[in-house]
Amino acid sequence: MIDALNHLPRPRAGADQLAEAFSDLAPPLTARQAAVESARCLYCYDAPCVNACPSEIDIPSFIHRISDENLQGAAERILSANILGGSCARVCPTEILCQQACVRNNAQECAPVLIGQLQRYALDHADFTEHPFQRSPASGKRIAVVGAGPAGLSCAHRLAMHGHDVVIFEAREKAGGLNEYGIARYKLVDDYAQREVEFLLGIGGIEIRHGQRLGGNLSLAELHGQYDAVFLGLGLGAVRQLGLADEDAPGLLAATDYIRELRQADDLAQLPLADRCLVLGAGNTAIDMAVQMSRLGARDVNLVYRRGEADMGATGHEQEIAKHNQVRLHTWARPDAVLLDDAGRVRGMRFARTQLIDGRLGDTGETFELAADAIFKAIGQRFDEQGLGDPLAAQLARDGERIQVDAHMRTSIPGIYAGGDCTALGQDLTVQAVQHGKLAAEAIHAQLMLNVEAA
Ligand SMILES: Cc1cc2nc3c(=O)[nH]c(=O)nc-3n(C[C@H](O)[C@H](O)[C@H](O)COP(=O)(O)OP(=O)(O)OC[C@H]3O[C@@H](n4cnc5c(N)ncnc54)[C@H](O)[C@@H]3O)c2cc1C
Ligand code: SF4
């Protein structure tokens, strides 16, 4: 996929330097730090941090256990609500979720309780000799899950706990979804995504079949006919287009394509390096792309956004990370034309300056150019229509381009459920996808048991 950049040089830094640049962004707490931090929790009644956690983890309860040096108990508390609590502890934007809501998050207290770091501490130090959850007696029911991302994995685990057998159909070689292929490399280090998948599968009763693509070698009608229920956790597999001429020129590609290669690379020194690069967008994917290119050794990394700083999708914390990594931000500018060199490769981009006119975004009439060896599009993900190409799938009601679901993750077709980024419910976050998967599993279980009673 990144063949489009093959003409570019490789990083100048050696393997050790690159490994250091991509090491853990937020190093784990020491035992002393965890003891001090857990003692700061006030164990609030009706705790606002819990209300702010999309996966409803009982935060004061697990922090209390850490304070009592019961790490096993703390870990079980977290995992009972969120089986991917380990990756969520590393990737959750806690600054806009639990930690923002923490009562200690005020000027007098200086900082909220470090809930994410404590969650990681508990899960890293719990020592499970066997999987912490037991399966209920076998129900004889089989459920198909499409997509082994956070939503699909969470759904599968909860269904397996209830005694059902689950087959996960996954298009890619590895399970984990964007935990494996999308999250910035310095947020999930040491193959954490795969280690977490292995842990989750330890419950038993879950089979993953790779190379199985819904809308390709798999149809929804087939799954619907063969299984007692179907869960769709397809994510958002397509990338938004700029709509400009020469968008496919060598040197211009989707940020997610480059990040996928970077995440899978055994040797970072072999990746193409865009010494002068432009990243288009202002969400977390744009920041991740810009920061990772900067850490690979790029000298001039520019993030360009069509609106102002206040409208950026990336959290304040992510924006700070960008600043610390020498990423330059240009606001109020939209892509106007791709500039090519004589060989037809990207040499830069022309931008039109923008402004708000009666609340609507318009051009000022002024343009400017920025030179670049590569341009990365991070202007949003789209639902991949190919996944729902077969006649039954085409009947699923939509919410915009995404799959419509109710509060129990039921789609418009009985027996078919969906969750995670492919639905419009909630935010596009790992923790949200985990919660959707869990809710869908509970709804599927309730429906199947109702059917058994009625029979
Ligand atoms: C670059 C990037 C960085 C991000 N960083 C963060 C972050 O730091 N923190 C955070 O909370 N969130 C982050 N997110 C968002 C988060 O990764 C997603 O919200 C989350 O992964 C959604 O989980 P999901 O299971 O719905 O989808 P995905 O993780 O996308 O998983 C979908 C799975 O379905 C498979 N699949 C898709 N189509 C088919 C098909 N037709 N047939 C079979 N299988 C199929 C895919 O291969 C994949 O394994 C980031 C997203 C991106 C793009
Ligand atoms: S809001 Fe803060 S202090 Fe209160 S229970 Fe949650 S983490 Fe502890």
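Counting starts at 1 for both ligands and their atoms, in listed order. Note that these values count all heavy atoms, side chains included, but never hydrogens, waters or copies made by symmetry. Only a predicted model underlies this, so the values are computations on that prediction, with no experimental measurement involved.
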Which residue owns the protein heavy atom closest to [atom], what's the atom, and how far is it?
{"atom": "atom 8 (O) of ligand 1", "result": "Lys187 NZ, 2.9 Å"}
{"atom": "atom 44 (N) of ligand 1", "result": "Ala171 N, 3.3 Å"}
{"atom": "atom 2 (Fe) of ligand 2", "result": "Cys102 SG, 2.4 Å"}
{"atom": "atom 31 (O) of ligand 1", "result": "Gly149 CA, 3.4 Å"}
{"atom": "atom 3 (S) of ligand 2", "result": "Leu42 N, 3.3 Å"}
{"atom": "atom 6 (Fe) of ligand 2", "result": "Cys49 SG, 2.3 Å"}
{"atom": "atom 4 (Fe) of ligand 2", "result": "Cys44 SG, 2.3 Å"}
{"atom": "atom 14 (N) of ligand 1", "result": "Ile183 CD1, 4.2 Å"}
{"atom": "atom 15 (C) of ligand 1", "result": "Asp428 O, 3.5 Å"}
{"atom": "atom 27 (O) of ligand 1", "result": "Gly235 CA, 3.4 Å"}

Is [X] atom [atom1] crowded by more than 12 heavy atoms from other residues, nucleotides or ligands, each under 6.0 Å away?
{"X": "Arg306", "atom1": "CZ", "answer": "no"}
{"X": "Glu222", "atom1": "CD", "answer": "yes"}
{"X": "Asn106", "atom1": "CG", "answer": "yes"}
{"X": "Glu20", "atom1": "CD", "answer": "no"}
{"X": "Gln226", "atom1": "CD", "answer": "yes"}

Any N or O on [X] sitting closer than 3.5 Å to an N or O of ligand 1?
{"X": "Pro150", "result": "yes"}
{"X": "Asp421", "result": "yes"}
{"X": "Gly233", "result": "yes"}
{"X": "Val91", "result": "yes"}
{"X": "Leu214", "result": "yes"}
{"X": "Leu429", "result": "yes"}
{"X": "Thr285", "result": "no"}

salt_bridge([X], [Y]) N-O dist < 4.0 Å:
{"X": "Glu261", "Y": "Arg263", "answer": "no"}
{"X": "Glu385", "Y": "Arg398", "answer": "yes"}
{"X": "Asp228", "Y": "Arg142", "answer": "no"}
{"X": "Arg402", "Y": "Asp399", "answer": "no"}
{"X": "Asp288", "Y": "Arg185", "answer": "no"}
{"X": "Asp257", "Y": "Lys377", "answer": "no"}
{"X": "Arg65", "Y": "Asp58", "answer": "no"}
{"X": "Arg240", "Y": "Glu247", "answer": "no"}

> Do any N or O atoms from the side chain of Gln326 and from the backbone of Ser294 form a donor-acceptor pair under 3.5 angstrom?
Replying inline: no
> Under 2.8 Å from atom 4 (Fe) of ligand 2, is there an N/O/S atom belonging to Cys41?
Replying inline: no
From [options] - option closest to [atom] by heavy atom:
{"atom": "atom 1 (C) of ligand 1", "options": "Gly176, Ala433, Gly182, Gly420", "value": "Gly182"}
{"atom": "atom 48 (C) of ligand 1", "options": "Glu170, Gln292, Arg172", "value": "Glu170"}
{"atom": "atom 37 (C) of ligand 1", "options": "Leu178, Leu234, Val146", "value": "Leu234"}

Using a 4.0 Å cut-off to any heavy atom of [X], which atoms of ligand 2 qualify?
{"X": "Val103", "answer": "1 (S), 2 (Fe), 3 (S), 4 (Fe)"}
{"X": "Pro60", "answer": "5 (S)"}
{"X": "Ile115", "answer": "7 (S)"}

Quick one: which ligand 1 atoms are inside 4.0 Å of a heavy atom on [X]?
{"X": "Gly177", "answer": "29 (O), 31 (O), 48 (C), 49 (O)"}
{"X": "Ala151", "answer": "25 (O), 26 (O)"}
{"X": "Gln212", "answer": "42 (N), 43 (C)"}
{"X": "Asp288", "answer": "3 (C), 5 (N)"}
{"X": "Thr430", "answer": "10 (C), 11 (O), 12 (N), 16 (C), 17 (O), 19 (O)"}

>> Show the nearest heavy-atom pair for residues Thr430 and Cys88, with the distance to one decimal.
In response: CG2-SG, 4.2 Å
>> Using a 6.0 Å distance limit plus a 45 degree cone around the ring axis, check whether Arg172 lies over the aromatic ring of Tyr181.
In response: yes
>> Please report the interatomic distance CZ(Phe376) to CE(Met293), rounded to the nearest 0.5 Å.
In response: 3.5 Å
>> Any atom of ligand 1 sitting under 4.0 Å from a heavy atom of Val431?
In response: no
> Which bit of Asn284 gets closer than 4.0 Å to ligand 1, counting heavy atoms only: side chain, backbone, both or neither?
Replying inline: neither
> Do His131 and Phe199 pass the ring pair (Phe, Tyr, Trp, His ring centres under 6.0 Å) test, and can you show the C-alpha distance, the side-chain angles, and the key distance before you say yes or no?
Replying inline: CA-CA 7 Å; His131 193 75; Phe199 161 75; 4.9 Å; yes
